[in-house]
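Below, chains carry the letters A, B, ... as their sequence lines are ordered, and counting in each starts from 1.
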There are 2 protein chains.
Amino acid sequence: MKITLKDIARELEVSISTVSKALKNSEEISRDTKEKVQAFAKLYNYKPNNIAISLKNKRTKNIGVVIPDIVHHFFTTVIRGIEKYANARGYNVIVCLSEESFDKEVINMEMLANGSIDGFIMSLSSETQQKGDYNHLKEVTEQGIPVVLFDRITNEIDCDKVIIDDELGAYMATQKLIEQGRKKIALISTDDYLSVSKARTMGYKKALTDSGLGVDESRILKLPTMEMDEMGIKDFFEEHPEVDAVLCVNEIFAVYSMRLAQEKGLKIPEDISFIGFTDGFLSKYAYPSLTVVAQHGEKMGEISAQMLIDKVEGEKGEEETFLTKTLEPTLVIRDSIFH
Amino acid sequence: MKITLKDIARELEVSISTVSKALKNSEEISRDTKEKVQAFAKLYNYKPNNIAISLKNKRTKNIGVVIPDIVHHFFTTVIRGIEKYANARGYNVIVCLSEESFDKEVINMEMLANGSIDGFIMSLSSETQQKGDYNHLKEVTEQGIPVVLFDRITNEIDCDKVIIDDELGAYMATQKLIEQGRKKIALISTDDYLSVSKARTMGYKKALTDSGLGVDESRILKLPTMEMDEMGIKDFFEEHPEVDAVLCVNEIFAVYSMRLAQEKGLKIPEDISFIGFTDGFLSKYAYPSLTVVAQHGEKMGEISAQMLIDKVEGEKGEEETFLTKTLEPTLVIRDSIFH
DNA sequence: ACATAGAGCGAAAACGGTTTCGTGTTGATA
DNA sequence: TATCAACACGAAACCGTTTTCGCTCTATGT
């Protein structure tokens with residue numbers, strides 16, 4: 001069903017080499033032959049086999065994306081950014097999900113590292129960040145496979161990185177709440193092993209310290225993972241009825257917290273304000289709509305893809321230089337705070 | 001950096017064939033040699049090159065997924081289902097986004113169809129369904145590449161299909177509203193060229209007819225696409241203040257409609273009820289939480305992947321039989337209706 | 001008439017594996 | 001001692017390309 005160079009060569013009684021050259025419009029081949037071959041190829045809809053070309057060139061034009069989760073809006077927008085950019089440059093995207101598991105991350109990378117892809121774009125699973133074991137990344141970079149880390153990164157690996165300034169984002173958000181007269185600002189975060197949560201917590205504390213309000217550690221809730229923990233949040237609010245503003249490290253925590261506040265009869269933002277991270281559908285269509293620190297996932301995906309492909313296509317000779325690109329977060333003001 | 005059979009053979013002064021067989025524990029090779037080769041391979045972390053194996057076997061162990069959008073919860077859960085199942089069977093997933101564009105769908109398929117994948121799982125772009133042009137699918141199936149269509153399907157192509165019973169889902173939802181005493185039920189849908197919208201509209205009408213309420217066409221809003229059209233929805237509600245319940249073909253339309261109702265001072269569900277399609281974060285965390293027709297995306301992904309891989313790995317000799325698997329929708333009752 | 005340049009094409013290696021088919025050596029058997 | 005099976009291994013084809021190198025013509029110039 002699929003026609004090959006050999007088929008064309010046999011049919012036209014020329015050599016395979018001639019066919020190959022003719023299809024590439026080589027000067028070596030006569031006008032006549034080229035026309036014959038090209039016409040035949042077109043007629044039978046010849047398309048070169050990607051696998052054979054990959055084997056020859058040692059380049060697959062595939063990039064591997066390994067992320068913890070695909071159901072969250074942020075990762076989804078990053079993929080979209082990667083996809084768009086990569087496609088425009090002729091690359092396909094192989095998506096693998098680690099589901100926050102170290103083992104799956106390792107297995108996925110191993111599956112892809114044996115020739116299936118030209119480079120990796122990844123965001124570390126929480127388990128990986130928790131263990132602090134990055135040998136799978138080391139192995140891959142030592143094999144000469146380029147890697148770009150985004151969002152959940154580590155300093156232990158030398159490679160290109162793309163992040164937003166999480167600390168600044170949290171700082172901006174907290175400061176905004178302080179400006180509006182809030183004095184008892186809570187933070188709903190996750191354990192510090194997640195690089196982003198750690199940075200956001202720092203930004204939150206810094207804003208409180210800079211403004212002279214001071215940090216009350218008991219107003220910081222650290223959930224074990226990014227997954228929803230309804231009881232954990234509920235209990236936290238029971239113990240902290242004094243809180244007049246809440247910063248959350250994602251939009252789900254924030255929207256759920258708003259619901260709890262509303263069920264208690266609190267008015268938003270009159271009685272209590274909320275800010276989350278990630279500018280997704282939830283924030284936009286929540287009631288009231290949620291003010292968030294936008295992470296610009298699509299842009300992040302684009303830049304990651306660009307850095308990776310530039311490295312993949314760059315001359316091997318160049319001395320390796322790795323950069324970390326930091327994007328500025330943006331505060332998207334909506335009805336969950338005053339404006 | 002990457003070691004090959006040839007390297008091992010040279011180093012150990014045996015032939016490539018011997019190395020290959022030794023690594024596969026072939027009976028042909030002596031105990032001694034096998035141990036030597038395997039130890040050496042382990043030491044230098046030998047892993048066979050996937051591309052070479054693909055070329056030889058004419059099987060890539062990759063499956064191509066072409067979907068209109070990745071930012072919507074439904075597609076995201078389908079991908080997750082596909083990923084999980086495919087990975088468990090040793091397959092990788094290449095994701096391509098058509099972004100509702102016919103041309104992109106065609107280009108993506110052509111990129112992948114030349115050896116990069118063993119089969120396709122796809123959901124048609126709206127533009128494709130609108131044009132009714134399925135030649136790109138025909139070409140692919142004629143080349144012998146298996147295809148599984150899910151959700152947005154067409155009858156023009158013979159292949160396996162996985163859908164939910166959209167008509168039944170809409171019927172169940174509408175009937176539920178009727179049971180609760182609603183008499184003026186609106187439908188917010190999209191143009192009928194989208195197979196799912198068409199089916200849902202039929203279910204809605206059928207329920208109204210069966211109950212004797214009758215269909216009022218003016219209470220059906222058909223938006224041009226699945227994208228949000230805030231003005232369209234707003235205008236619709238201005239013109240239809242009498243409406244006491246709304247069925248929406250997705251969760252965004254529903255959540256946005258709820259917001260409009262709330263801003264007008266209506267109580268949900270006392271004054272007006274809402275039901276949407278897709279059981280995503282939005283529905284769960286909206287305020288009030290939204291009753292939806294769950295589409296079981298993850299299950300759909302799993303089944304699609306299973307059907308595809310079974311076909312890919314099946315004997316070529318078998319006569320082709322295509323089946324359409326229809327999943328039962330489920331009504332997830334939440335606070336946007338009585339319960 | 002003869003060397004020579006260049007046009008046009010083909011043979012073969014290479015990418016990294018798998019697999020079939022041979023072949024040389026060994027030891028047992030008649 | 002001649003025969004033969006079993007054992008252990010290697011050669012080579014193959015998957016579908018690309019690309020280098022060399023060969024054979026023909027036409028040109030002297």
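A salt bridge links Lys311(A) and Asp160(A); the closest N-O separation between the charged side-chain nitrogens and carboxylate oxygens is under 4.0 Å. Under a 4.0 Å N-O distance rule, the pair Arg80(B)/Glu99(A) does not qualify as a salt bridge. The residues Asp310(B) and Arg89(B) are annotated as salt-bridged, a charged nitrogen and a carboxylate oxygen being separated by less than 4.0 angstrom.
Contact between the side-chain N/O atoms of Thr18(A) and the OP1/OP2 oxygens of dC9(C) is not found at any separation under 4.0 Å. Here Lys58(A) reaches the OP1 or OP2 of dG16(C): one of its side-chain N or O atoms lies under 4.0 Å away.
Between the side chain of Lys56(A) and the base of dT18(D), a donor-acceptor pair under 3.5 Å is found. Evaluation of atom-type donor-acceptor distances gives no pair under 3.5 Å for the side chain of Thr33(B) against the base of dA8(D). Under 3.5 Å, the side chain of Lys21(A) and the base of dT20(D) form at least one donor-acceptor pair of N or O atoms.
Summary of the strand contacts: Ile16(A) and Glu28(A) both lie near DNA chain D, and taking for each the nucleotide with the nearest heavy atom, the more 5' one is attributed to Ile16(A). Residue-to-nucleotide proximity on DNA chain D shows that, of Glu27(B) and Thr4(A), the 5′-proximal contact is made by Glu27(B).
Contact annotation for Ser30(A): backbone-only contact, meaning every heavy-atom pair under 4.0 Å involves sugar-phosphate atoms and none involves a base.
Distance alone, capped at 3.5 Å, places no donor-acceptor pair between the Ser304(B) side chain and the Ile121(B) backbone.
Per the geometry, NZ belonging to Lys24(A) stands 17 Å off P belonging to dC9(C), to the nearest Å.
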